[in-house]
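Report on one structure; see the data block that follows.
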Amino acid sequence: MELVVVGAAIIADGRLLSAQRAEPPHMAGGWELPGGKVDPGESDEDALVRECHEELAIKVRLRRRIGADWRLSDKAVLRIWTAEITEGDPRPLEHLALRWLAPHELYDVDWLPGDRPVIDTLAQEGLNI
Ligand SMILES: Nc1nc2c([nH]c(=O)n2[C@H]2C[C@H](O)[C@@H](COP(=O)(O)OP(=O)(O)OP(=O)(O)O)O2)c(=O)[nH]1
């Protein structure tokens, strides 16, 4: 069965929230969109709201899907939604660091390879929520 990973393009004040992975070792230090694996029986959207709460201590409202399935490997796809924060200030509970990126800073972090086409799309669109 295919593994589904969901990610949030959290946008506030025209900037995108990026998060630096702490593990596993071969991914540590790389930057990603907050999110994670969808649990069995869970909807993609519920999983993404849950992951943002677990990882960042915030509540988010999902807005719209970016693209369709972004392939991560032969076994996994990444699904992305834009999101707004409805409660809290993001804290890196499971990441090494968080960084808000303005449009001209979108390529200042070392994105995980699977995220690069997503960031290209967000950059082309201009960080609209
Ligand atoms: N969350 C997230 N994961 C990504 C992105 N890009 C990317 O390649 N991945 C990969 C990294 C991981 O191999 C996988 C997500 O797994 P995860 O470890 O974050 O998921 P999880 O929070 O459910 O963790 P766990 O159950 O394994 O502890 O997808 C991204 O933008 N966001």
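Order of listing sets the numbers, starting from 1, for every ligand and every atom in it. It should be emphasised that the depicted structure is a prediction, and the values quoted were computed from it without experimental measurement.
Taking all heavy atoms of Leu3, Leu112, Val118 into account, the minimum distance to atom 7 (C) of ligand 1 is reached by Leu112. Residue nearest to atom 14 (C) of ligand 1, selected from Val4, Val5, Val38: Val5 (by heavy-atom distance).
Formation of a donor-acceptor pair under 3.5 Å by the Ser18 side chain with backbone atoms of Glu32 is not found in this model. Under the 3.5 Å distance criterion, the side-chain polar atoms of Arg71 are matched with a main-chain donor or acceptor of Ser73. Using modelled atom types, no side-chain atom of Glu84 and backbone atom of Val60 make a donor-acceptor pair closer than 3.5 Å. In this structure a side-chain-to-backbone donor-acceptor pair under 3.5 Å is missing from Trp81 to Asp44. Side chain of Gln124 to main chain of Thr121: no donor-acceptor pair is present (N/O by atom type, distance under 3.5 Å, no hydrogens or angles).
Taking a cutoff of 4.0 Å between a charged side-chain nitrogen and a carboxylate oxygen, Lys37 and Glu51 do not qualify as a salt bridge. Taking a cutoff of 4.0 Å between a charged side-chain nitrogen and a carboxylate oxygen, Arg64 and Glu125 qualify as a salt bridge.
Residue contact annotation: Gly36 has a non-hydrogen atom under 4.0 Å from ligand 1.
Applying the 4.0 Å criterion to heavy atoms of Met27 picks out, from ligand 1, the atoms 11 (C), 13 (O). For ligand 1, the atoms lying closer than 4.0 Å to a non-hydrogen atom of Arg21 are 3 (N), 11 (C), 12 (C), 17 (P), 18 (O), 19 (O). Every atom of ligand 1 is numbered from 1 in the order shown, and the set under 4.0 Å from a heavy atom of Glu51 is 21 (P), 22 (O), 23 (O).
Taking distance alone, with nitrogen or oxygen atoms compared against 3.5 Å, Leu33 approaches ligand 1 more closely than that limit. At least one N/O-N/O distance between Asp115 and ligand 1 falls below 3.5 Å. The shortest N/O to N/O separation between Gly7 and ligand 1 does not fall below 3.5 Å.
Atom 26 (O) of ligand 1 has Lys37 NZ, 4.2 Å as its closest protein atom, hydrogens excluded (heavy atom only). Of the protein's non-hydrogen atoms, Glu32 OE1, 3.5 Å is the one closest to atom 4 (C) of ligand 1. When hydrogens are left out, the protein atom nearest atom 8 (O) of ligand 1 is Leu72 CD2, 3.4 Å; that is the closest non-hydrogen contact.
Atom 28 (O) of ligand 1 is never approached by the protein to below 4.0 angstrom, counting heavy atoms only.
Here the closest non-hydrogen pair linking Ile10 and Cys52 is CD1-SG, 4.1 Å. Summarising the geometry of Arg21 relative to Leu112, their closest heavy-atom pair is CD-CD1, 3.8 Å, with the distance given to 0.1 Å.
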